[in-house]
There are 4 protein chains.
Amino acid sequence: MRADAERNRQRVLEAAEEVLARDGAAVSMRAVAERAGVGLGTIYRHFPTREALLQAIVVDRVRRLAESAGPLLAADDPAAAFFTFFTRVVDVSARKKALADEVSGAGLDPKAGLGAVGGQLRAAIEALLRRAQAAGGVRADLAMPELLALLGAACLGAERNQWDDALRDRALGLLFDGLRGP
Amino acid sequence: MRADAERNRQRVLEAAEEVLARDGAAVSMRAVAERAGVGLGTIYRHFPTREALLQAIVVDRVRRLAESAGPLLAADDPAAAFFTFFTRVVDVSARKKALADEVSGAGLDPKAGLGAVGGQLRAAIEALLRRAQAAGGVRADLAMPELLALLGAACLGAERNQWDDALRDRALGLLFDGLRGP
Amino acid sequence: MRADAERNRQRVLEAAEEVLARDGAAVSMRAVAERAGVGLGTIYRHFPTREALLQAIVVDRVRRLAESAGPLLAADDPAAAFFTFFTRVVDVSARKKALADEVSGAGLDPKAGLGAVGGQLRAAIEALLRRAQAAGGVRADLAMPELLALLGAACLGAERNQWDDALRDRALGLLFDGLRGP
Amino acid sequence: MRADAERNRQRVLEAAEEVLARDGAAVSMRAVAERAGVGLGTIYRHFPTREALLQAIVVDRVRRLAESAGPLLAADDPAAAFFTFFTRVVDVSARKKALADEVSGAGLDPKAGLGAVGGQLRAAIEALLRRAQAAGGVRADLAMPELLALLGAACLGAERNQWDDALRDRALGLLFDGLRGP
DNA sequence: CATGAATGAGTATTCATTCAT
DNA sequence: CATGAATGAATACTCATTCAT
């Protein structure tokens with residue numbers, strides 16, 4: 001790919017990321033184009049449809065999240081690692097609109113638009129959970145469906161209600177007590 | 001107001017409630033009019049804007065929810081009453097689209113579009129919480145902000161991901177363990 | 001239907017008829033709206049899609065053509081009636097763009113977008129042909145496929161090349177000699 | 001012109017010929033570029049506009065048609081030669097989209113976009129006609145305007161309606177009977 | 001000289017809202 | 001007072017053409 005094309009592709013992605021993070025999934029293509037300082041056609045050159053552009057951004061976010069789980073899988077305290085990652089996912093959702101929608105619900109199954117990265121994030125969560133359970137830091141009867149349900153809910157709540165750090169810590173603190181066991 | 005006007009107002013409200021519950025907040029005014037069997041103008045006679053109509057419905061829902069808390073305030077088991085009401089709010093959210101948005105977050109402050117009923121729901125929750133805490137069934141350090149944050153998150157998650165009863169019970173069971181205390 | 005709605009529907013149809021007759025099937029909806037002096041939404045109220053509007057016009061033209069065959073079926077000179085109708089179809093095509101496309105080819109089969117009127121026109125042509133053949137004014141071995149092929153071709157030629165009356169008479173005169181027999 | 005430039009010009013012409021013949025005049029420049037395996041800019045280097053490219057192709061087709069008339073001018077049976085050529089033009093139109101438009105109507109006047117070749121084709125047709133008339137195989141009162149009108153119409157019909165060989169023979173057979181005389 | 005990235009005017013279509021009937 | 005016809009701004013997307021690389 002030519003240098004200027006790659007540069008413009010990045011500008012489009014960054015502009016779309018910004019307006020998407022700020023305004024949510026209802027962004028118009030024209031708004032993205034103006035923000036990026038490019039023509040409408042330039043967006044469509046790099047992303048065939050509106051959905052493709054938005055998905056590219058969300059997929060990238062989810063991928064980064066999944067990748068960031070790597071170091072935590074080798075952390076000394078498996079339970080802390082699990083809760084750290086849970087918090088991180090919620091945290092990113094609070095700051096980036098349209099991410100929670102994907103983390104929430106079925107979005108982590110490969111069948112969804114996320115493609116493979118949905119499964120990767122899910123796998124990362126599951127691995128962290130298993131280690132934490134083996135270490136006794138998370139109750140043994142916690143299964144993935146309810147964990148994902150709660151994680152998705154927290155992400156949606158954090159996004160919609162713009163949880164600040166303090167609120168997030170208090171809310172997740174309560175939730176984590178429940179995940180540790182009664 | 002003339003009797004037929006009042007009757008039409010009710011028909012509009014009921015129709016809007018149905019389509020809003022089913023299709024979510026993206027519902028079109030025409031869809032509401034057709035469902036109600038009235039003209040578009042009739043809707044606008046009773047509700048000045050689309051937002052006003054939707055809000056009237058949500059306000060009504062929230063009001064009913066708040067009123068339904070009454071008996072629970074006199075229940076024998078304050079903690080059970082608290083958790084019952086929490087579950088009820090989540091349950092209704094899962095079945096009625098566009099409710100979770102209001103329960104979530106700032107919607108329960110009087111400053112929001114909900115008007116007074118937001119405060120009423122909030123007051124009901126707070127009263128149930130205080131009784132449950134006094135009875136020792138809920139941890140004493142649980143404050144309203146994080147409680148509302150978690151309640152809103154659960155509502156959003158239940159709506160978006162269409163929690164079934166079993167999933168709702170498992171997810172809320174974990175959360176309630178956290179609310180009882182570590 | 002309300003009087004003003006019917007009036008506007010007619011204005012739209014007439015405006016679309018004009019621009020379609022003049023500019024062909026590539027007309028834009030905006031051009032029709034401006035010509036009709038109505039808003040874009042008004043067109044879409046009466047015709048759900050661009051295709052529906054254009055088809056309504058062409059269907060109407062074809063219907064009128066088919067209906068105009070009625071008196072000719074009772075004419076004294078069956079052969080003259082047949083040739084008169086053939087000429088009429090070509091004549092209208094020369095004056096109204098986008099008609100020839102429908103008369104030409106498969107457009108007269110009910111499967112096409114013309115719906116029933118395509119079949120009616122075809123039936124009218126066939127009836128006129130049979131009478132003319134029975135009267136000995138048209139060769140007996142003339143069948144519908146080649147007749148429709150020639151009629152469609154003449155319509156297309158007349159439209160594309162804007163045959164004037166004299167040219168049309170000369171060209172069709174030659175063709176009719178062929179249809180009478182060698 | 002450099003050898004590679006000439007080579008690219010040919011590739012563009014051939015690719016455009018193919019897609020034009022298959023898909024008709026609505027072909028996009030990008031489709032031509034991809035088919036030719038060259039960049040869009042290369043097309044515009046050789047042809048200043050979309051129209052220029054399409055015309056170059058049609059001009060070439062018409063030129064070849066005109067040239068193919070040469071041997072027929074020396075054929076033993078002038079009438080057969082005339083009808084053979086008429087059939088050939090229709091035949092090519094049926095197989096190559098966007099040709100009929102040019103053969104049809106004014107396209108054969110030098111004033112049109114075809115440039116000189118339009119006149120050449122016209123001259124070839126006229127020469128064949130004169131010989132056939134002199135030999136008594138075509139009616140003496142057949143003049144060029146109506147002949148061209150009918151030829152153009154047949155070309156358009158054959159293209160639009162995708163006449164197969166049998167239909168073409170039947171339709172043209174009827175027409176030729178008319179051209180021979182009543 | 002070749003490339004293909006960028007442009008942006010243009011397209012059909014939707015929908016909240018107004019207002020003549 | 002009810003109706004629903006009319007409005008027109010807004011949306012996603014296409015494609016001939018230009019021009020930086």
Side-chain angles (χ1 to χ4, degrees), chain A residues 1-9 11-12 26-33 36-53, chain B residues 1-5 8 12 26-34 37-53, chain C residues 1-9 11-12 26-33 36-53, chain D residues 1-5 7-8 12 26-34 37-51 53:
Chain A
M1 182 176 289
R2 267 164 49 175
D4 57 341
E6 181 57 31
R7 192 165 57 243
N8 267 326
R9 187 176 203 276
R11 290 176 68 183
V12 168
V27 221
S28 81
M29 297 299 264
R30 188 167 298 274
V32 173
V38 303
L40 266 174
T42 304
I43 299 184
Y44 283 94
R45 158 161 298 273
H46 294 294
F47 305 94
T49 66
R50 184 178 183 282
E51 278 318 298
L53 170 59
Chain B
M1 181 177 291
R2 273 167 41 177
D4 58 343
N8 268 331
V12 168
V27 130
S28 81
M29 294 300 264
R30 187 166 299 274
V32 173
E34 280 168 8
V38 303
L40 271 171
T42 304
I43 299 184
Y44 281 93
R45 163 161 304 274
H46 296 292
F47 305 94
T49 66
R50 185 177 182 281
E51 280 317 300
L53 169 61
Chain C
M1 183 174 288
R2 268 162 49 174
D4 57 342
E6 180 56 31
R7 193 166 55 243
N8 267 326
R9 186 176 203 277
R11 290 176 68 183
V12 168
V27 221
S28 80
M29 295 299 263
R30 188 166 299 273
V32 174
V38 302
L40 266 173
T42 303
I43 300 184
Y44 282 94
R45 157 160 297 272
H46 295 293
F47 305 94
T49 66
R50 184 179 184 282
E51 278 318 299
L53 170 60
Chain D
M1 180 175 291
R2 275 167 41 176
D4 56 344
R7 195 165 54 241
N8 269 330
V12 168
V27 130
S28 81
M29 294 300 263
R30 188 166 298 274
V32 174
E34 280 167 9
V38 303
L40 272 171
T42 304
I43 299 183
Y44 281 93
R45 163 160 303 273
H46 296 293
F47 305 94
T49 66
R50 183 177 183 283
E51 280 317 301
L53 169 60

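So that the names make sense, note that chain A is the first sequence line, chain B the second, and so on, each numbered from 1.
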Nearest-nucleotide check on DNA chain F, Arg7(A) vs Arg7(C); residue mapping nearer the 5' end is Arg7(C)

side-chain N/O Arg2(A) vs dT21(F) OP1/OP2, d < 4.0 Å: no

CZ of Arg30(B) to CD1 of Ile43(B): how many Å apart, nearest 0.5 Å? 9.5 Å

Side chains of Leu53(D) and His46(D): does their closest heavy-atom pair fall under 4.5 Å? no

Applying the 3.5 Å cut-off to both distances, the Watson-Crick or G-U partner of dT17(E) turns out to be dA6(F)

Return the nucleotide paired to dC1(F): Watson-Crick means purine N1 to pyrimidine N3 with N6-O4 or O6-N4, wobble means G-U with N1-O2 and O6-N3, both under 3.5 Å. none

Between OG1 on residue Thr49(D) and OH on residue Tyr44(D), distance to nearest 0.5 Å: 7.5 Å

Check whether Arg50(A) reaches the backbone of Val27(A) with its side chain - one donor and one acceptor, N or O, closer than 3.5 Å. yes

If you restrict it to nitrogen or oxygen atoms, what contacts under 3.5 Å exist between nucleotides 8-11 of chain F and the protein, and what is each distance?
| unit_1 | atom_1 | unit_2 | atom_2 | d |
| --- | --- | --- | --- | --- |
| dG8(F) | N7 | Gly41(C) | N | 3.4 |

Nearest 0.5 Å, what's the CG-CZ distance between Leu40(D) and Arg45(D)? 13.5 Å

If you compare every side-chain N and O of Asn8(D) against the phosphate oxygens of dC1(E) (OP1, OP2), does one of them come in below 4.0 Å? no

Tell me the interatomic distance from Glu34(B), atom CD, to dC15(E), atom P, rounded to whole angstroms. 11 Å

Measure from the side-chain heavy atoms of Ala5(B) and tell me the nearest of dA2(F), dA6(F), dA16(E). dA2(F)

Would you mind telling me which residue lines up with the more 5' stretch of DNA chain E, Arg45(D) or Thr49(C), judged by nearest nucleotide? Arg45(D)

Strictly below 4.0 Å: does His46(A) bring a side-chain N or O up to OP1 or OP2 of dA6(E)? yes

For the student: nearest non-hydrogen atoms of Val38(C) and Asn8(C), plus distance: CG1-OD1, 3.4 Å

Which residue lies toward the 5' end of DNA chain F, Glu51(A) or Asp4(A), if each is placed at its nearest nucleotide? Glu51(A)

Close side-chain approach of Arg9(C) and Thr42(C), heavy atoms under 4.5 Å: no

Between P on dT3(E) and CD1 on Ile43(D), what's the gap in Å once rounded to a whole number? 10 Å

Between dA2(F) (C1') and Phe47(B) (CZ): distance, integer Å: 15 Å

